[in-house]
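In what follows, every heavy atom counts, from backbone to side chain, and hydrogens, waters and symmetry copies are set aside.
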Amino acid sequence: MGLGDPVYEPRLEASSPLRAIMADGAHLPLLVFEPENPKAVVLGLHGFNDYSNAFGTFGPGAYLAEQGIAVYALDQRGFGGAPGRGLWAGDERMAEDAAATAALLRKRHPGLPLYVLGTSMGGAVAMRMMALPEPPDVDGLILSAPAVWGWQNLNRVYAATLWTAARVAPSATLTGRGLEIWPSDNIDMLRALGRDPLVIKETRIGTLHGLVTLMDEAYKAAGRITVPVLLLYGAKDEIVPPRATAAALRSMRAGAVNVRPACYPAGYHMLLRDKQRETVWRDMASWIEAQDKPLPSGADADLRPCGPLAEAG
């Protein structure tokens, strides 16, 4: 039997925290926000080097629960309290984990609409999940600044350097210190992440290589999504370039995906935890309630602040 072979029936284990047990026995913790009588369910997928608390402290979990929407935020493999911390599990395995967890939540809440909310890397996993041979039965995707900046958008020199480094020294780490890049305007939140021991601070080159491959696969999957999509992007995003996001949106349009793009002029990459995060939270809750109505903030009415997104949308 090889590592990761399916030997179990996936299940939810009523422990503290709640855990999703995968087919190979991996235990993936879930942070849960569950109202007494939920009207919808959301599976939350966090970003790179983060974990389920992306939907907890400073995140939308409690707010959505107050609106009657149950939130189950997953620690994905290699992150948070999941196995293989700091190691890359592979885009297919991560997509399969998300799909298996979605199926478990569908069983736990029969008859309720089920959505997958992915932020950054989590958005890429959600998109990759829909390209599996057997995609999960979900009612829609909410993609917050999805990581779609793959090999096709990466500078050729950077791509060649990363490809080589991943093969010569995959265990070497990078910290990102010294980069003048702001992922959010919420300084208190960024400082909290810096103090949080479960947030990864040093990234293996092999893991970074895997992330770019995931982003590439997510971009390829964009036009194959068969469920409604709410695509959220901040005009001040310094992580995922607007042209990469616009390219994914064009692919969705070409594939006749039912997609609602929204642009937040004051939004950074970490839209769900920025200072204006509650504006985004209200829009998400509104879209889950009625996908055919305009968003309360009007972010879907004018994409021009997000530049190339307006051309694609």
Side-chain angles (χ1 to χ4, degrees), residues 2-8 10 13 15 17-31 43-56 59 72-102 104 116-129 131-132 144-151 162-163 165-167 169-176 183 193-194 196-218 221 239-240 269-270:
L3 179 65
D5 286 345
V7 293
Y8 301 102
E13 185 177 86
S15 57
L18 182 71
R19 295 178 183 273
I21 313 302
M22 298 293 98
D24 64 348
H27 289 221
L28 306 183
L30 287 157
L31 179 62
L43 168 61
L45 302 176
H46 60 77
F48 189 61
N49 285 348
D50 209 343
Y51 67 111
S52 56
N53 194 47
F55 300 88
Y72 293 80
L74 183 71
D75 278 7
Q76 301 179 77
R77 283 183 204 244
F79 303 96
R85 177 177 168 79
L87 302 177
W88 188 253
D91 60 275
E92 185 173 9
R93 173 51 56 86
M94 295 172 75
E96 290 172 345
D97 286 347
T101 306
L104 293 173
V116 178
L117 166 56
T119 176
S120 193
M121 180 194 76
V125 172
M127 295 169 69
R128 176 69 177 87
M129 176 187 71
L132 290 171
S144 178
V148 289
W149 189 24
W151 295 109
L162 178 58
W163 189 92
R167 282 151 181 78
S171 61
T173 60
L174 303 173
T175 65
L193 293 183
D196 191 332
L198 287 180
V199 174
I200 295 175
K201 311 302 191 300
E202 297 185 355
T203 303
R204 292 164 52 96
I205 289 176
T207 300
L208 190 59
H209 181 278
L211 172 65
V212 179
T213 298
L214 166 65
M215 293 193 291
D216 204 48
E217 292 300 318
I239 307 297
V240 177
H269 182 66
M270 301 176 78

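- Across all non-hydrogen atoms, the minimal contact from D75 to A82 is O-CB, 3.5 Å.
- Between L43 and M129 the shortest side-chain heavy-atom distance does not fall below 4.5 Å.
- The two residues R19 and P29 make their nearest non-hydrogen contact at NH1-CG, 3.3 Å.
- Side-chain contact between Y51 and L31 is absent, with no heavy atoms from C-beta onward closer than 4.5 Å.
- Applying the salt bridge (Lys or Arg N to Asp or Glu O under 4.0 Å) criterion to E13, with sequence neighbours excluded, gives R11.
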Before giving the answer on side-chain contact (heavy atoms from CB on, under 4.5 Å), spell out for L211 and T203 the whole-Å C-alpha distance, their side-chain angles and the decisive distance to 0.1 Å. CA-CA 11 Å; L211 172 65; T203 303; over 6 Å; no
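- For the atom pair CD1 (I239) and CE (M121), the distance works out to 14.0 Å, reported to the nearest 0.5 Å.
- A 4.5 Å side-chain heavy-atom check between D24 and Y8 finds every atom pair outside the cut-off.
- Using a 4.5 Å heavy-atom cutoff, the side chains of H27 and I21 are in contact.
- Proximity of H209 to R204: side-chain heavy atoms (C-beta onward) are nowhere separated by under 4.5 Å.
- Across all their heavy atoms, V240 and A145 have their closest contact at CG2-O, 4.3 Å.
- Rounded to the nearest 0.5 angstrom, L30 CG and F55 CZ are separated by 11.5 Å.
- Closest of all the heavy-atom pairs between A23 and P10 is N-CG, 4.0 Å.
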side-chain contact (heavy atoms from CB on, under 4.5 Å) for W88 and T213? Distances and angles first, verdict last. CA-CA 11 Å; W88 188 253; T213 298; 6.0 Å; no
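- Annotation for P83 and L28: closest pair CD-CD2, 3.9 Å, computed over non-hydrogen atoms.
- Applying the ring pair (Phe, Tyr, Trp, His ring centres under 6.0 Å) criterion to Y72, with sequence neighbours excluded, gives H109.
- The shortest heavy-atom contact between P146 and A124 is CB-N, 4.5 Å.
- Within the 4.5 Å cutoff, the side chain of T119 has no heavy atoms near those of the L45 side chain.
- Taking the side chain as every heavy atom from C-beta outward, M215 and F48 never approach each other to under 4.5 Å.
- With sequence neighbours excluded, the residues forming a salt bridge (Lys or Arg N to Asp or Glu O under 4.0 Å) with D97 are R77, listed by chain and number.
- Distance check: D91 CG to R128 CZ gives 4.5 Å after rounding to the nearest 0.5 Å.
- The CD atom of E96 sits 6.0 Å away from the CG atom of L132 when rounded to the nearest 0.5 Å.
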Give the C-alpha distance, both sets of side-chain angles, the deciding distance and a yes or no for side-chain contact (heavy atoms from CB on, under 4.5 Å) between M22 and R93. CA-CA 10 Å; M22 298 293 98; R93 173 51 56 86; over 6 Å; no
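- Side-chain atoms of N53 and D196, non-hydrogen and from C-beta on, do get closer than 4.5 Å to each other.
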